[in-house]
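These notes concern the structure reproduced below.
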Amino acid sequence: MRGSYFLVVLLENDKTVRTKGREFHLRKGHYVYVGSAMNSLEKRVARHFSGKKRLHWHIDFLLKEAKLLRAYLIPSEERLEEKLSLGVAKYGEPVEGFGAGDVRVSTNLYRFEGEPDGALTAILSELGLEWKRVKSREEVIGFGERK
């Protein structure tokens, strides 16, 4: 299945997250990461729920320091990552340069003071997209197995 996704992440304390070539000074709070997987949405999101993985993308380095609370799976044949990121930017505070190397936005990570779910569901409704909220690797795999 192809598509995009939101990851809702909780950073309980201020942290400096170091990636391969950058440092990001992040304040505690909720974060939303916007991603896409145009080959296998379920495998990509299941990987994010996994604790043991090779650190590759910026989000991998953040998830080493923070807690992944839930994900929104957004099946689509269309590449929506940039459009979704622009939608989240209306509500969240951008973390410049985080994980947006292949799109024309300056970031794919946004900080929220509180729970971001109301904003996320509003964005998805406004765009008329189908989605599924999941809270574990097992739920992601189950979603992928449905026909």
Side-chain angles (χ1 to χ4, degrees), residues 1-76 78-127 129 131-141 143-144:
M1 175 183 327
R2 298 171 185 253
S4 297
Y5 58 92
F6 295 138
L7 301 180
V8 179
V9 177
L10 178 62
L11 188 62
E12 295 189 44
N13 297 296
D14 295 356
K15 289 264 185 187
T16 297
V17 174
R18 290 175 181 82
T19 65
K20 291 177 184 173
R22 305 264 322 257
E23 280 189 359
F24 298 92
H25 305 285
L26 303 177
R27 294 183 295 139
K28 70 178 183 176
H30 286 83
Y31 286 83
V32 172
Y33 178 79
V34 182
S36 65
M38 299 313 288
N39 289 322
S40 180
L41 178 62
E42 316 89 76
K43 285 182 183 175
R44 174 70 55 85
V45 176
R47 179 187 183 281
H48 290 313
F49 277 104
S50 175
K52 293 185 178 186
K53 61 185 166 247
R54 186 174 64 86
L55 303 180
H56 178 68
W57 292 288
H58 283 168
I59 189 62
D60 295 337
F61 293 88
L62 174 57
L63 292 176
K64 198 174 88 171
E65 305 291 337
K67 181 177 182 184
L68 176 54
L69 299 177
R70 59 195 155 275
Y72 288 72
L73 303 170
I74 309 157
S76 175
E78 180 185 349
R79 187 175 280 278
L80 297 170
E81 182 179 343
E82 189 171 314
K83 189 181 291 187
L84 291 168
S85 197
L86 290 169
V88 177
K90 295 176 186 175
Y91 299 93
E93 173 188 333
V95 178
E96 294 300 322
F98 194 101
D102 57 348
V103 289
R104 294 177 306 207
V105 292
S106 63
T107 188
N108 272 340
L109 184 68
Y110 301 88
R111 183 181 177 280
F112 288 74
E113 282 294 328
E115 290 280 350
D117 294 286
L120 300 180
T121 56
I123 293 162
L124 295 167
S125 291
E126 183 179 302
L127 294 172
L129 297 170
W131 54 275
K132 169 77 174 171
R133 184 172 31 222
V134 295
K135 295 183 180 180
S136 70
R137 186 176 190 283
E138 292 72 29
E139 283 185 75
V140 175
I141 292 167
F143 179 76

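Distance check, rounded to the nearest 0.5 Å: NE2 of His30 to NZ of Lys67 gives 10.0 Å. Atoms CD and CG, on Glu82 and Leu80 in that order, are 10.5 Å from each other to the nearest 0.5 Å. Rounded to the nearest 0.5 angstrom, Lys28 NZ and Glu113 CD are separated by 9.5 Å. Note that CG of Leu73 and NZ of Lys132 are 9.0 Å apart. Values are rounded to the nearest 0.5 Å. A distance of 10.0 Å separates NE2 in His58 from NE2 in His56, rounded to the nearest 0.5 Å. Atoms CG and OG1, from Leu26 and Thr16 in turn, are 7.5 Å apart once rounded to the nearest 0.5 Å.
Salt-bridge check for Arg18 with Glu23: passed, with a basic side-chain N closer than 4.0 Å to an acidic carboxylate O.
Looking at Val32 and Tyr91, their side chains never come closer than 4.5 Å, going by heavy atoms from C-beta outward. In this structure, the side chains of Thr121 and Trp131 come closer than 4.5 Å at one or more pairs of heavy atoms. Side-chain contact check for Phe143 versus Met1: some heavy-atom pair is nearer than 4.5 Å.
The side chain to side chain contact (heavy atoms under 4.5 Å, CB included) test with Arg70 is passed by exactly one of Val9, Asp117, Leu7: Asp117. Only one option out of Leu68, Val17, Val95 pairs with Leu62 in a side chain to side chain contact (heavy atoms under 4.5 Å, CB included); it is Val17. The only member of Leu86, Val88, Val34 that meets side chain to side chain contact (heavy atoms under 4.5 Å, CB included) when paired with Ile123 is Val88. Phe98 pairs with exactly one of Tyr31, Phe61, Phe24 by the ring pair (Phe, Tyr, Trp, His ring centres under 6.0 Å) rule, that one being Phe24. With Asp60 as the fixed residue, the side-chain hydrogen bond (donor to acceptor under 3.5 Å, both in side chains) test singles out one of Arg54, Lys53, Arg47: Arg47.
For Lys20, the NZ atom sits in a packed shell: over 12 heavy atoms of surrounding residues, nucleotides or ligands are nearer than 6.0 Å. Heavy-atom contacts from other residues, nucleotides or ligands closer than 6.0 Å to CG of Asn39 number 12 or fewer.
Nearest heavy atom pair, residue Phe112 against residue Ala119, reads CE2-CB, 4.1 Å. The shortest non-hydrogen separation linking Ile141 to Ala46 is CG1-CB, 4.4 Å. Scanning both residues, Arg44 and Ser36, for their nearest heavy atoms gives NH1-O, 3.0 Å.
Side-chain contact check for Arg137 and Ser50: no donor-acceptor pair (N or O, by modelled atom type) lies under 3.5 Å. Defined by atom type and a distance below 3.5 Å, a donor-acceptor pair is missing between the side-chain atoms of His48 and Tyr33.
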Discussion item. For a side-chain contact (heavy atoms from CB on, under 4.5 Å) check, start with the C-alpha distance between Leu127 and Leu84, then their side-chain angles and the critical distance, and finish with the verdict.
Written reply: CA-CA 9 Å; Leu127 294 172; Leu84 291 168; 3.8 Å; yes
Item to complete: Apply side-chain hydrogen bond (donor to acceptor under 3.5 Å, both in side chains) to the pair Glu96 and Ser106, showing each step before the final yes or no.
Response: CA-CA 6 Å; Glu96 294 300 322; Ser106 63; 2.6 Å; yes
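Judged by distance alone, the side chain of Ser85 and the main-chain N or O of Thr107 form a donor-acceptor pair under 3.5 Å. Side-chain atoms of Tyr72 do not come within 3.5 Å of backbone N or O of Val8 as any donor-acceptor pair.
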